[in-house]
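These notes are about the structure you will find just below.
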There are 2 protein chains.
Amino acid sequence: MKSRTVTPKPRLKMADIAKMAGVSTSTVSRALADNPLIPLPLRERIVALARAQGYVVNQQARGLRLQRTNTINVVIPLGHDKDQLISDPFFLEMVGRLADQITLRGYEVLLTKVMSPTPGWLERIIQSNRSDGVLVIGQSDQHQALNAVADSYAPLVVWGGDVPDRHYCTVGVDSVAGARLAVEHLLKLGRRRIAFLGLPEAPEVLLRRQGYLEALAAAGIPAEPALTAPAHFNAEPELEGIHHLLSSGVTFDAVFAASDVIALGAIRAMTEAGLRTPEDVSVVGFDDVTVAQYSWPPLTTIRQDLDRGAREMVELLFQRIEGKTTTSVFMAPELVVRQT
Amino acid sequence: MKSRTVTPKPRLKMADIAKMAGVSTSTVSRALADNPLIPLPLRERIVALARAQGYVVNQQARGLRLQRTNTINVVIPLGHDKDQLISDPFFLEMVGRLADQITLRGYEVLLTKVMSPTPGWLERIIQSNRSDGVLVIGQSDQHQALNAVADSYAPLVVWGGDVPDRHYCTVGVDSVAGARLAVEHLLKLGRRRIAFLGLPEAPEVLLRRQGYLEALAAAGIPAEPALTAPAHFNAEPELEGIHHLLSSGVTFDAVFAASDVIALGAIRAMTEAGLRTPEDVSVVGFDDVTVAQYSWPPLTTIRQDLDRGAREMVELLFQRIEGKTTTSVFMAPELVVRQT
DNA sequence: GTCGATTATGCAATCGATTGCAAGAGCTAT
DNA sequence: ATAGCTCTTGCAATCGATTGCATAATCGAC
């Protein structure tokens, strides 16, 4: 491949445009802001000149002066699982939809992954002044950290569950109800020994487990601790829980997984171990990620309406940026019966 | 839900810390930068004070002064398909991996989706001074726009194909070779009437079509224009091409799709039309997105090593930021035979 | 021709950091 | 005691915009 020499253009500043137009930077600034203080013909002349020169306002300087960044920070805390990549399909789908909504409102998206949250991580993100608001995807195990800033920092909205003693504004589905739907469905299929897969460090998972226990209790079935196995959220350790369960010798005829990724991993592991889905073991997941509908067999799961969720999060965030008070939103989960 | 009053903390600035420590901002700035000019005990005292007060340097001010942002801009141009959401799995997986790599190097990620590229869109992104470098995912139909800036703006790396007259640094797979692999595989299966699905506005697609034509030519099979149908990249219009093909009455016994998403859509549409995969029609996709391996039947496809691709892109970008010249990287594609 | 109202434009402060240069403090050596 | 060091520390300029206030220019009315 040919090697090319790159000759960087000198960056234009407002003063350059001002000089070319024979006016001051004040006038250029106002003209570009379409300020009626500047007579229309001059305004148009300056705008045309700036465009012709390819001049663009330096956002860093503008932001400093205006104390705004026109940027929303989308944050993914990965507390409970240090190795988890941003590559998890659920997070990615959420990021995509949030980015769409934020872009639609003319804001930029700053994407931050917090690998191993150290005390004060959220404060540092907020205080660094890089964004006008923060969206956190998932509570992970950082409930306390979120509470800590919620009382002094308004423009914050979190995707997650309705955990007790929560000071921050949240959007999410009712995890407990969703889990009940899932387990009731399995019970209706005649399943009685239902295993639960999920790492209970995250509040969402805890709530799903709570719904699982409630549904069992309502059906008069005693919960069996051996049927709960921890499982991580990501690609490989997701198999941990199901392997543990398989090797423990406990018998079970159904699995309720705290996420679709865990469910798909479990199906794969069980298939390798000679257990058929759904003939031997019924499976219900949680999230309804895109993969769920394309997988084989198509995964029965609890649907979270990500599209609406993203819309609500962004809407609430902008309301809070404007100083309004907002009410958390919890959407009704929906059972999607496919073939597992 | 209880309504909470949020009392915003006054934002601390360096001057506040300076006053509390009884020194000037110069000293605080140097102390926080661990500058040996400041005697160690004082340095430690100031750092401790700043931490105790939860002080964080204002990145906007710092960036303005230093002319750096510590941020990489990941850009997704959606030229050839205005409705395409950022939600496309291929883009999302790429974004996730790039974000991982960028975060690893201590940089922030600014995610920009360009809905309908207007002339100068890339210049505006660059000149706005929001990032130290730009990664573009996919050439879309913006080859000219990329070329236009490449000669004057060094820190730019593009994911895409090796199109002629390319001035910008690129990472990608050899699309032509990949397409040949796919078509040769179909030929080996005994298929002769192979359709191509993909919207040829994007250079990548054009290259894949070229490989398709080359493979057919090498096998002595005349290319039939009726077997090429346009298809978009996203959720619904992806079906356009296959529907067009099905309703045109042309017979075909195989499909080579320019992306996995198109392939999966095609399989679904054909199933609805009573065509079985792979019995009646063999299908090969391109990308090997995560869904491809979970789908049913598992999709035979051309694998792009996204993990390595993301690593290479970020590595090259940082080299270019340091002023080095770099060579484009094209990775060998790999045929992944599954069941279609 | 002068005054007041109106319009057009620019000066200079400001946002919150970083850093070259200089000055003051403290010390040593003669 | 003083010249000559080194070591500390701070002043003030700078990055590139925005905007309150002031001034200059223009105009119409009498």
Side-chain angles (χ1 to χ4, degrees), chain A residues 8-47 49-50 53-71 108 124 126-132, chain B residues 8-47 49-50 53-71 108 124 126-132:
Chain A
K9 270 189 207 150
R11 276 205 210 286
L12 283 173
K13 33 183 188 169
M14 198 172 269
D16 299 323
I17 302 297
K19 202 171 296 170
M20 298 169 81
V23 295
S24 72
T25 59
S26 318
T27 302
V28 174
S29 175
R30 286 194 257 253
L32 294 180
D34 222 28
N35 188 325
L37 237 47
I38 309 297
L40 192 56
L42 176 56
R43 223 189 302 167
E44 283 173 339
R45 191 166 66 83
I46 293 177
V47 169
L49 176 65
Q53 295 293 326
Y55 169 74
V56 180
V57 173
N58 182 323
Q59 293 300 324
Q60 202 135 61
R62 178 170 211 268
L64 175 59
R65 175 64 228 246
L66 296 183
Q67 303 286 68
R68 306 190 296 107
T69 58
N70 246 273
T71 300
E108 301 289 320
R124 274 195 293 281
I126 292 169
Q127 301 285 337
S128 70
N129 264 285
R130 258 196 268 248
S131 65
D132 300 339
Chain B
K9 269 189 206 152
R11 278 206 209 285
L12 283 173
K13 34 184 189 166
M14 197 172 269
D16 299 323
I17 302 296
K19 203 171 297 172
M20 298 170 81
V23 296
S24 72
T25 58
S26 319
T27 303
V28 175
S29 175
R30 285 193 258 254
L32 295 180
D34 223 29
N35 189 323
L37 235 48
I38 309 297
L40 192 57
L42 177 56
R43 223 188 303 165
E44 284 172 339
R45 192 166 66 81
I46 292 176
V47 169
L49 176 64
Q53 296 293 327
Y55 170 74
V56 180
V57 173
N58 182 323
Q59 293 300 324
Q60 200 134 65
R62 178 171 211 266
L64 174 60
R65 176 63 227 249
L66 296 183
Q67 303 285 66
R68 305 189 297 107
T69 58
N70 247 271
T71 300
E108 302 287 322
R124 274 193 295 280
I126 292 168
Q127 301 286 337
S128 70
N129 264 282
R130 260 196 267 247
S131 65
D132 300 339

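All chains are named by letter (A, B, ...) in the order of the sequence lines, taking the proteins before the strands, and each is independently numbered beginning at 1.
The structure places CG of B:Leu12 at 5.0 Å from CD1 of B:Ile17, a figure rounded to the nearest 0.5 Å. With rounding to the nearest 0.5 Å, the separation of CG in A:Leu40 from CG in A:Asp34 is 8.0 Å. Within the model, atoms CG of A:Asn70 and CZ of B:Arg130 stand 6.5 Å from one another, a figure rounded to the nearest 0.5 Å.
Per the geometry, CG belonging to A:Leu12 stands 14 Å off C1' belonging to D:dA17, to the nearest Å. Rounded to whole Å, atom P of D:dG16 lies 16 Å from atom CG of A:Leu32. One can place CG of A:Leu37 at 15 Å from P of D:dA22, the figure rounded to the nearest angstrom. In this structure, A:Arg62 places its CZ atom 20 Å from C1' of C:dA17, rounding to the nearest Å. Here D:dC7 presents its C1' atom at 13 Å from CZ of B:Arg30, a figure rounded to the nearest Å. Distance, B:Arg68 CZ to C:dA17 P: 16 Å, rounded to whole Å. Following rounding to the nearest Å, A:Asp16 (CG) and D:dA17 (C1') show an atom-to-atom distance of 13 Å. Counting to the nearest Å, the P atom of C:dG16 and the CG atom of A:Asn129 are 8 Å from each other.
Proximity note for B:Arg65 (side chain, C-beta onward) versus C:dT9, D:dA13, D:dG16: the nearest is D:dA13. Out of D:dT9, C:dG16, C:dT18, the shortest distance to the side chain of B:Leu64 is found at C:dG16. Taking the side chain of B:Thr27 as heavy atoms from C-beta on, and the options C:dT9, D:dA17, D:dG10, the nearest nucleotide is D:dG10. Listed nucleotides C:dG16, D:dT9, C:dT18 differ in distance to B:Pro39; the shortest reach to its side chain belongs to D:dT9. For A:Met14, the listed nucleotide lying nearest its side chain is D:dA17; candidates were D:dA17, D:dA12, C:dT9.
OP1 or OP2 of C:dA17 sits under 4.0 Å from a side-chain N or O of B:Tyr55. Taking only side-chain nitrogens and oxygens, A:Ser29 comes nearer than 4.0 Å to OP1 or OP2 of D:dT18. Distances shorter than 4.0 Å separate none of the side-chain N or O atoms of B:Gln59 from OP1 or OP2 on C:dG16. The side chain of A:Ser24 contributes no N or O atom lying less than 4.0 Å from OP1 or OP2 of C:dT9. Under 4.0 angstrom from either OP1 or OP2 of D:dG16 there lies at least one side-chain N or O belonging to B:Gln67.
Residue contacts shown for B:Ser26 include a base, since a base heavy atom lies under 4.0 Å away. Among the heavy atoms of the strands lying under 4.0 Å from A:Leu42 are primed sugar atoms or P, OP1, OP2 only; no base atom is included.
In terms of heavy atoms, A:Ala18 sits closest to A:Val28 at CA-CG2, 3.5 Å.
If B:Leu66 and B:Thr25 are placed on DNA chain D by their nearest nucleotide, the residue sitting closer to the 5' end is B:Thr25. If you find the closest nucleotide of DNA chain C to B:Ala61 and to B:Ala33, the one lying nearer the 5' end belongs to B:Ala61.
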side-chain contact (heavy atoms from CB on, under 4.5 Å) assessment of A:Leu64 paired with A:Gln60: CA-CA 6 Å; A:Leu64 175 59; A:Gln60 202 135 61; over 6 Å; no
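When each of B:Asn58, B:Thr27, B:Leu32 is tested with B:Met14 by the rule side-chain contact (heavy atoms from CB on, under 4.5 Å), just one qualifies, namely B:Leu32.
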